[in-house]
Amino acid sequence: MDPRFDLPLYTRADVALQLGLPATTLGDWLRSGALEAGSGGRGEPTITFAGLVETHMLRHLRRTGLSLQAIGEAAVALRSRAGRHYPLAWSGLAHDGRDLLVEIAAEGREAGWERIRDSQGGFPGVLRRGSAAIGWADDGYAGTLRLVIYHDIDVIVDPSRSYGRPMVDDVFVEDVIDEVRTGASYREIAAKFNLEDFEVEALVRPHIRPPAHRKPRHLQTQPDSLL
């Protein structure tokens, strides 16, 4: 059993939270066929680590300009024709800004790229390949993922450690968040987990919104009748 592919570790809510996605967007993507997802009851873990990485890559590709249709067609083609599960979590993909490409190599020739949706070759150059947030394993699939919603600190998901819970070194992100919710100060939390104050703030920022700022009463706009 490979924990990257065979263990459902995350609920939809987990994935939306860890990737900073609206739940409705994730639902649309799962229904589109671009992502490979398991089945299960509401609130149950149905998404594997590879599924989490695919969702990260789908967002990455959408932000570079690829359409959901183009990504979905390529993913379906790789799963059905090539039998490659979780293709968006595989390092053999690239894109030219419009379509997903797969690397091909003919004997005696330089490696080239083939457009997946129609198997058209002749693409000597590629604009972008992969994502810097993904750590690739020897088999060409993702082995770790850095969660990009966290800035100024590296939060890593590794399915071989603690069932893929987000961590900073040996510290669970959820433990830090729980401490903040008890009312502990950032300095106290930093000392407890051997972190810097700014690292605690970086972990908290995506999860806990600061209180809304209200103008002092004497600075609020007066009605026209009083001016």
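Here the side chains of V157 and P166 are in contact, with some heavy-atom distance below 4.5 Å. Within the 4.5 Å cutoff, side-chain heavy atoms of L58 are placed close to those of L68. Side-chain contact between F5 and T48 is absent, with no heavy atoms from C-beta onward closer than 4.5 Å. Contact check for R59 versus L21: side-chain heavy atoms found under the 4.5 Å cut-off. The shortest distance between side-chain heavy atoms of V102 and E114 falls below 4.5 Å.
Each of M57 and V148 belongs to its own hydrophobic cluster when Ile, Leu, Val, Met, Phe, Trp and Tyr are linked at side-chain heavy-atom distances under 4.5 angstrom. Cluster annotation: V204 and L19 are assigned to the same hydrophobic cluster (Ile/Leu/Val/Met/Phe/Trp/Tyr, side-chain heavy-atom contacts under 4.5 Å, transitive). By the rule that hydrophobic residues join a cluster once side-chain heavy atoms approach within less than 4.5 Å of another member, L61 and I149 end up as members of one cluster. Hydrophobic clustering places V53 together with L7 (ILVMFWY residues linked when any side-chain heavy atoms are closer than 4.5 Å, directly or through intermediates). Tracing side-chain contacts under 4.5 Å through hydrophobic residues (I, L, V, M, F, W, Y), one reaches I177 starting from Y186; they form part of the same cluster.
A distance of 9.0 Å separates CD1 in I134 from OG in S91, rounded to the nearest 0.5 Å. Put simply, CZ on R84 and CG on L93 are 8.0 Å apart, with the number rounded to the nearest 0.5 Å. In this structure, CG in D197 is found 8.0 Å from OG in S185, a value given to the nearest 0.5 Å. Distance check: W136 CH2 to T144 OG1 gives 10.0 Å after rounding to the nearest 0.5 Å. Atom-to-atom distance recorded for M167:CE and L147:CG is 12.5 Å, nearest 0.5 angstrom. A distance of 10.0 Å separates CG of D2 from CZ of F49, quoted to the nearest 0.5 Å.
Taking every heavy atom of both residues into account, A34 and L88 meet most closely at O-CD1, 3.7 Å. The nearest pair of heavy atoms linking P159 to R4 is CG-CG, 3.6 Å. Listed here is the closest heavy atom pair of I71 and R62: CD1-CD, 3.9 Å. Here the closest non-hydrogen pair linking I116 and A77 is CG2-CB, 3.9 Å. Nearest heavy atoms, P87 versus A75: CG-O, 3.8 Å. Here the shortest heavy-atom pairing between F193 and V176 reads CD1-CG2, 4.0 Å.
Around the CZ atom of F172, the shell of radius 6.0 Å holds more than 12 heavy atoms that belong to other residues, nucleotides or ligands. Summarising the local packing, CD of Q69 is surrounded by 12 or fewer heavy atoms from other residues, nucleotides or ligands at distances under 6.0 Å. Surrounding CG of N194 are at most 12 heavy atoms belonging to other residues, nucleotides or ligands under 6.0 Å away.
Residue L203 forms a side-chain contact (heavy atoms from CB on, under 4.5 Å) with just one option from I153, D152, V180, D175, and that option is I153.
The closest donor-acceptor contact from the side chain of D169 to the backbone of V171 lies at 3.5 Å or more, if one exists at all. In this structure, E54 contributes its side chain and E36 its backbone to a donor-acceptor pair below 3.5 Å. Remark: side-chain polar atoms of Y10 are paired, donor with acceptor, to backbone N or O of G164 under 3.5 angstrom.
With no hydrogens or angles considered, a side-chain donor-acceptor pair links T11 and D14 at under 3.5 Å.
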(request) Take F198 and H151 through the test ring-ring contact (aromatic ring centres under 6.0 Å, His included) and record every step on the way to the result. (result) CA-CA 10 Å; F198 79 89; H151 302 283; over 10 Å; no

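Ring geometry for Y150 against H207 counts as tilted: the plane angle lies between 30° and 60°, on a 0 to 90° scale.
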